[in-house]
A.B. asks: 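Handing you a structure now.
Order of listing sets the numbers, starting from 1, for every ligand and every atom in it.
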Amino acid sequence: MAVTRTIIKSVGGYLPERIMTNDELATMVDTSDEWITERTGIKQRHIAAEGEFSSHLAIAAAKIAMQRAQVEANDIDLVIVGTTTPDLTFPSTACIVQAELGMTHGAAFDLQAACSGFLYGLAIADSFIVSGAYKRILVIGAETLTRLMDFKDRNTCILFGDGAGAAIVEAGEGRGEMSDRGILSSHLRSDGRYRGLLTATGGASSTQSIGNIHMDGREVFKHGVTNISEAIFEAMNATGFGADDIDWFVPHQANGRILEGVARKVGMARDKVVVTVDKHANTSAASVPLALNHLFESGKLERDQLVLFEAMGGGFTWGSVLARW
Ligand code: ACO
C-alpha cells in the first residue's frame, strides 16, 4: 500500500569561527584540558562573535542544506527552529529566519525542547508531512548557548558551545514497509518532574532576565543513559530492527561518556557511533544535525542506510527517530 514517508533530503551545519580550547578555558576557571577530556571527551567549543545571533547561525546552516537539496526559499512550506537561545523573546527566531531566507509564504515557529529541539522538530515535521499538511519543511537546531554561561562556574562552562544544523525534509512515497526510505518511527518523551536538575535560571515571566545554566551533572548523567537507551529500545521494538541492523548512530553530543554508556547498553558497535562532541562540545538543539552533517561530509553516509537519532535535554525531554537515508 502506498504511504507518504518523510525523506531527509539534505543536511547542513555551521559553526562560528572563534574556537575556545580547553587550555584557554583553563585560564578563566579552575580546570584543565586533562580533566575536561577525561570526563567529557570535549577538546574545544565554538563561540559566536559579538552581534552573531542564533538566527545568523541558523541561516548559514539552512543555506547549505537548501543548496544541497537544490531548493529555493519559496519551495519550503514550514520552518521549525529548535532553540533555547532565541534572538528575542519574540518574534520567533524561525520568523526571522523565514524573512531573511526570503520566504514569503507558509509558516514558521520556534520549538523549545532544550537539547532535544531538533529531534522534536524532526518528529513534528514527520507528522505534518505524513498528514499532508506540508510537503517540504526546513528543520533547524540553532544555539548560542555560551550566552547562558557563567564562565566562573566550572561545573557547566566547560560543557557547552555555539552552532547550528539544518535539514530539509520532504514528502516521498513508500510502500508502508520497513524497507522504505524516510522516517520509519519517532518517539518523543518528557518528564517535567526532573526539570530542576538541568535549568536556566531566568525567564521573561519570572525574572525578566535570561539567567545561567545550572545542572546536577551526576543525576543528569544517570537519567541521560537510562532515558536515551529506553527511547532507542522503543525505536527498535517499533521497527523490528536491532543494533546490528543500524548503520549509523547519530546521538546528541552531550558528553563522550554518555555516548559510550548508551552505545554499550543498546549493543551498538563503536564504529557506528558518530562523535563530534570533541570538536564543538554540547551545542544543545544543534548537536544532532551537526553530527549528521559531519557524517554526511565524511562521505560515509549512503542511500538506504539506517540512521538512528537520539537526544535528551532539560525538561527532561528526550526521544529517538529511526530513518532510512
Ligand atoms: N574541572 C576540574 N574539576 C572539576 C570540574 C572542572 N571543570 N568540574 C567539577 N570538578 C570537580 C568537582 O568540584 C569535584 O571535586 P571534589 O571531589 O573535590 O568535590 C570533582 O571534580 C568531581 O565532580 P563531579 O561533578 O562529581 O564530576 P563528574 O565525574 O560527575 O563529572 C560532569 C562532571 C562532567 C558534569 C558529569 O557529571 C557529566 O558529564 N554529567 C552529564 C551532564 C551533561 O552532559 N550535561 C550536558 C547537558 S545535559 C544534556 O545535554 C543531556
A.B. asks: Heavy atoms, side chains only, cut-off 4.5 Å: are Val266 and Phe233 in contact?
C.D. replies: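 Heavy-atom side-chain distance check passes, below 4.5 Å.
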A.B. asks: Run through Val139, Leu188, Val250, Ile124 and flag the one making a side-chain contact (heavy atoms from CB on, under 4.5 Å) with Leu119.
C.D. replies: Leu188
A.B. asks: Could you pull out the closest heavy-atom pair between Ala62 and Leu101, with the gap in Å?
C.D. replies: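 Smallest heavy-atom distance, with atoms named: CB-CD1, 4.2 Å.
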A.B. asks: Taking Leu259 as the starting point, is it possible to reach Ile158 by hopping between hydrophobic residues whose side chains are less than 4.5 Å apart?
C.D. replies: yes
A.B. asks: Given a heavy-atom cut-off of 4.0 Å, could you list the residues near ligand 1 in chain and number order?
C.D. replies: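 For ligand 1, the residues that come within the 4.0 Å heavy-atom cutoff are Asp30, Thr31, Trp35, Arg39, Thr40, Cys115, Arg154, Asn155, Ile158, Phe160, Leu198, Met215, Gly217, Arg218, Val220, Phe221, His252, Ala254, Asn255, Arg257, Ile258, Asn282, Met312.
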A.B. asks: Does the side chain of Val277 come within less than 4.5 Å of Val275's, by heavy atoms?
C.D. replies: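 Result yes, sub-4.5 Å side-chain heavy-atom pair found.
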A.B. asks: Is it true that Glu219 and Lys222 have a side-chain N and a carboxylate O under 4.0 angstrom from each other?
C.D. replies: yes
